[in-house]
Amino acid sequence: VRLQTQPKPQPGQPLLYSGTFDCFRKTLVKEGFQGLYRGMAAPIIGVTPMFAVCFFGFGLGKRLQQRTPDDVLTYPQLFAAGMLSGVFTTVIMAPGERIKCLLQIQAATGETKYKGSLDCAKQLYREAGIRGVYKGTVLTLMRDVPASGMYFMTYDVSDLSAPKILFAGGLAGIFNWAVAIPPDVLKSRFQTAPAGKYPNGFRDVLKELIREEGIASLYKGFTAVMIRAFPANAACFLGFEVAMKFLNWVAPGL
C-alpha cells in the first residue's frame, strides 16, 4: 500500500521509497516492528468469515455447473466458480481494505487522524455514512472477481496429494496476484484519496497514473506482493485441507 500510494516527488527530489526493501527498512527504522503490521486489525477480524464465504462461494459456483456431484469441471467452469467466490467476499473485504489502507498511509505521513481500526470505521461512517466505509467496492470487485477465478482454477487443477498442497496453494496465490495487482493499485489510490478527488472513480485514477507515471505504475508493489503471495496462500490452502479432513473425520455424513 505504501509503495502504491507514495506521492510523486518534486523535480530533483528522490522517491520516498526506492523499492520494496527500502520501504521495509524505513518502516522498520521509523516505526519499529509493529509498523509492518499497521492497519491489520480490520483484516484479521474479517479473515475467518471472509475465507469461509470465499470457499463457500467457490463450492456453490461448482455445484451450480454440475449435473451430478461427480462431474469434472472444465478450466473455464472452475474459473467461473472462482469468480463467484470473489463476488461473495467483497462485502467483507471492501471495508477492511479501506481501513487498512488509510491506517498505513497515516503511519507513513506521520499524521494521526485515526487511533485505530475501530476509530477509523467510526469516523468514516460519521463523515460519509456507509458509502464512506465501502468506498472502493467496485475496484475491490474488479480486483477480486477475476483474481479469485485464477486463484481457484490454478489450485483445483493441481495434483492435490498431501506433499503438494503447499506448492499448489502458493502457486495459486502467485497467479491470483498476477491478475490482481493493477486493480489493487487503483483501489489503494482511490481509497486513500481525499473526498472528491476522483469524481469519475477508477477512470480518473487510471488516467492520472498513466499520464503522470506510465503503465508501469499499475504494477507498483509487485515485489512485495509476490514475496507475500506464495507463503500466505500455501498456508491458506493447507489450513483448508486440514480443516476439511478433520471435519470429515468428526462428521463424515455432514
Side-chain angles (χ1 to χ4, degrees), residues 1-7 37-61 81-109 111-149 151 176-177 179-209 218 220-221 225 232 236:
V1 172
R2 297 188 191 208
L3 289 168
Q4 290 172 350
T5 60
Q6 64 176 318
Y37 290 88
R38 192 75 62 187
M40 288 306 298
I44 286 174
I45 291 170
V47 70
T48 298
M50 188 274 290
F51 273 112
V53 169
C54 177
F55 281 97
F56 168 78
F58 178 57
L60 178 62
M83 288 197 297
L84 182 62
S85 77
V87 175
F88 278 55
T89 57
T90 297
V91 177
I92 301 171
M93 286 288 290
E97 288 283 305
R98 168 91 155 122
I99 292 167
K100 179 194 72 174
C101 288
L102 287 172
L103 290 175
Q104 290 186 354
I105 293 307
Q106 170 181 271
T109 59
E111 299 177 1
T112 311
K113 181 179 179 180
Y114 308 113
K115 297 177 182 178
S117 296
L118 185 59
D119 181 56
C120 182
K122 287 179 178 178
Q123 289 196 46
L124 289 173
Y125 185 79
R126 191 182 305 122
E127 292 168 2
I130 197 67
R131 292 184 65 181
V133 178
Y134 274 88
K135 181 180 179 181
T137 297
V138 172
L139 281 163
T140 304
L141 277 168
M142 290 173 61
R143 179 193 70 177
D144 288 351
V145 170
S148 294
Y151 187 54
N176 170 87
W177 278 103
V179 173
I181 288 177
D184 188 55
V185 172
L186 298 177
K187 179 195 68 65
S188 296
R189 284 288 186 110
F190 183 69
Q191 288 183 322
T192 57
K197 182 177 181 180
Y198 300 115
N200 295 313
F202 75 91
R203 289 173 294 176
D204 286 349
V205 187
L206 180 61
K207 287 178 182 177
E208 181 185 79
L209 275 172
L218 294 175
K220 281 187 173 183
V225 166
C236 168

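All heavy atoms count here, side chains included; hydrogens, waters and symmetry mates do not.
Residues satisfying the salt bridge (charged side-chain N to carboxylate O under 4.0 Å, His left out) test with R189, not counting sequence neighbours, are E208, E213.
Of the possible donor and acceptor atoms, one in the side chain of D204 sits under 3.5 Å from a partner among the backbone N and O of N200. Looking at S85, its side chain never comes within 3.5 Å of a backbone N or O of A81 through a donor-acceptor pair. A donor-acceptor contact shorter than 3.5 Å links the side chain of Q123 to the backbone of K113.
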From CA spacing to verdict: side-chain contact (heavy atoms from CB on, under 4.5 Å), L186, R143: CA-CA 9 Å; L186 298 177; R143 179 193 70 177; over 6 Å; no
CA sep, side-chain torsions, deciding dist, call: F51, T89, side-chain contact (heavy atoms from CB on, under 4.5 Å): CA-CA 8 Å; F51 273 112; T89 57; over 6 Å; no
Verdict with reasoning, L218 to I181, per side-chain contact (heavy atoms from CB on, under 4.5 Å): CA-CA 7 Å; L218 294 175; I181 288 177; over 6 Å; no
side-chain contact (heavy atoms from CB on, under 4.5 Å) assessment of T140 paired with Q191: CA-CA 10 Å; T140 304; Q191 288 183 322; 4.2 Å; yes
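Residues Y114 and L124 form a side-chain contact, since some pair of their non-hydrogen atoms from C-beta on lies under 4.5 Å apart. Considering only heavy atoms from C-beta on, Y151 comes within 4.5 Å of C236 through its side chain. By the 4.5 Å heavy-atom criterion applied to side chains, K135 and F190 are counted as neighbours.
Residue V133 comes nearest to A121 through the heavy atom pair CG2-O, 4.1 Å, listed as atom of the first residue, atom of the second, then distance. Of all the heavy atoms in G86 and S148, the pair that sits closest is CA-OG, 3.6 Å.
Each of R2, R98, Q4, K220 was evaluated against S188; a single residue qualifies, Q4, per the side chain to side chain donor-acceptor pair (under 3.5 Å) test.
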